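Single-structure report; data block below.
From a predicted model like this one, the values you see are computed outputs, not experimental measurements.
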Amino acid sequence: MAEQRTIVITGATDGLGKGLASELAPTGARLILHGRNEEKGQALLEELGPKATGELEWRRADFASLDDVRDLADTLGEEERIDVLVNNAGIGTAGPREESEDGYELTFQVDYLAPFLLTRRLLPLIKRTAPARIVNVSSAGQAPIDFDDVMLEQSYTGVQAYCQAKLGLVMLTFDLAEELEGSGVTANCLHPGTYMPTNMLSRAGIEPVTPLEEGVEATLRLIASPEVEGVNGHYFDGTSESAPHPQAEDPEARRQLRELSEELTGVSTTA
């Protein structure tokens, strides 16, 4: 009998993450669902419980704290296996510039540094589980990273903060894909949909465009479809392969980002 798959979804209490959890609950997989709000997490377990055919687990961590991310990685590292890691948690473009508990620009940390740290810490377990998949939820909104002002102290806009962090996630995906080639673990990323109806969107005062179901379907394909078995190191716009911002393909920019990320999180990518 096949092993029960374990799927980790960050940012699972709202929007795309919640939609994915709802679709995956009846599949028999063990779902480990993450969010930062304990109340919403418990409500999610209650809501999904009746349709779940596998185990449901809740993990709380605030990605504005890298210590929280480390603690989350430690508890997840005790699992027997992680078949799929979905890095979905993120914040949007609304509001003024804020800093994380670690003193970094908040969007850069939550949308990029936290998934970098979590993924790097879980990589040994994911590799032991192979075949396995890493799915990073990026965006078509991508902006080049200015390495002289990564924390946007000189020129902050919410859009720049969001778009550079989402490009960072694509760059991480491409790095992982190169490293993992031949290991049985694949890393891919996608733009699930444009302005899907989520709390993040309503806070920014933007009208929805893409139905949430379309984004869920496109992301589920990367999580579970045999169609993309073995596909590695690709960026998708929905279900179509697409080209990200050119900086994602620049080895020098990726090296700079990788080294900065190691410095800021204390994680070595060469270990």
Are Y156 and Y104 joined in one hydrophobic group, where the rule is that I, L, V, M, F, W and Y side chains link up if heavy atoms are under 4.5 Å apart? no
Within a strict 4.5 Å, meaning less than it, do heavy atoms of the N87 and V137 side chains meet? no
NZ/NE/NH1/NH2 to OD/OE distance under 4.0 Å, E178 and R254: yes
Same cluster for V135 and V231 if Ile/Leu/Val/Met/Phe/Trp/Tyr side chains link at under 4.5 Å? yes
Without swapping roles, check the side chain of Q109 against the backbone of A64 for a donor-acceptor pair under 3.5 Å. yes
Using a 4.5 Å cut-off on heavy atoms from C-beta on, say whether the side chain of C189 contacts that of F236. no
Are the charged groups of E38 and K40 less than 4.0 angstrom apart, N to O? no
Output, in order, the C-alpha distance, side-chain angles, deciding distance and verdict of salt bridge (Lys or Arg N to Asp or Glu O under 4.0 Å) for E79 and R30. CA-CA 11 Å; E79 293 291 322; R30 171 175 165 76; 2.9 Å; yes
Give, for atom CD1 of I223 and atom CD1 of I134, the distance between the pair rounded to the nearest 0.5 Å. 13.0 Å
Starting from the C-alpha separation in whole Å, work towards a yes-or-no answer on ring-ring contact (aromatic ring centres under 6.0 Å, His included) for F108 and Y112. CA-CA 5 Å; F108 186 75; Y112 168 71; 5.3 Å; yes
Are R121 and F116 in a cation-pi contact, defined as NZ or CZ under 6.0 Å from the six-membered ring centre and within 45° of the axis? no
Mind checking whether L31 and E57 have side chains closer than 4.5 Å, heavy atoms only? no
In terms of hydrophobic clusters joined by side-chain contacts under 4.5 Å, are L45 and I7 together? yes
Does D175 come within less than 4.0 Å of R258, counting only side-chain N to carboxylate O? yes
Within a reach of under 6.0 Å around CD of E80, are more than 12 heavy atoms found that belong to other residues, nucleotides or ligands? no
Kindly give the heavy-atom pair with the smallest separation between E262 and S268, and that separation in Å. OE2-C, 3.9 Å
Checking the side chain of S22 only, and the main-chain atoms of G19 only, is there a donor and an acceptor separated by less than 3.5 Å? no
Between R221 and R133, which heavy-atom pair has the shortest distance, and what is it? O-NH1, 3.6 Å
Main-chain N/O of A218 paired with T239 side-chain donor or acceptor, under 3.5 Å: no
Compare every heavy atom of T186 with every heavy atom of N232, then report the nearest pair and how far apart it is. OD1-CA, 3.4 Å
Check this for me: does any side-chain nitrogen of one of K18 and E47 sit under 4.0 Å from a carboxylate oxygen of the other? yes
Derivation of the side chain to side chain contact (heavy atoms under 4.5 Å, CB included) call for W58 and Q42: CA-CA 7 Å; W58 161 251; Q42 295 304 326; 3.5 Å; yes
Pairing of D68 and R60 as salt bridge, 4.0 angstrom limit: yes
Exceeds 12 heavy-atom contacts within 6.0 angstrom, atom NZ of K166: yes
Looking at D83, is its backbone amide N or carbonyl O close enough to the side chain of R5 to form a donor-acceptor pair, meaning the two atoms are under 3.5 Å apart? no
For the CD atom on E252, are there more than 12 heavy atoms of other groups (residues, nucleotides or ligands in this structure) within a distance under 6.0 Å? yes
Are the side chain of T129 and the backbone N or O of R81 linked by a donor-acceptor pair below 3.5 Å? no
So, does T10 use its side chain to make a donor-acceptor pair with the main chain of N88 at under 3.5 Å? yes
Can you confirm whether H245 sits close enough to P144 that some side-chain heavy atom of one is under 4.5 Å from a side-chain heavy atom of the other? yes
Compare all side-chain heavy atoms of Q4 with those of T6 and state whether any distance is below 4.5 angstrom. no
Above 12 or not: heavy atoms from other molecules or residues under 6.0 Å from CD of E217? no
Do K127 and E179 sit within salt-bridge range, that is, some charged N less than 4.0 Å from a carboxylate O? no
If two hydrophobic side chains count as joined below 4.5 Å and joins carry through other members, does L212 share a cluster with I9? yes
With distance as the sole test, does S65 use its side chain to make a donor-acceptor pair with the main-chain N or O of D62 at under 3.5 Å? no
Taking the side chain from D237 and the backbone from S242, do they hold a donor-acceptor pair closer than 3.5 Å? no
Side chains of R70 and L117: closer than 4.5 Å at any heavy-atom pair? yes
F63 ring center near H34 ring center (under 6.0 Å): yes
Taking the side chain as every heavy atom from C-beta outward, state whether N188 and N136 have any pair of such atoms under 4.5 Å apart. no
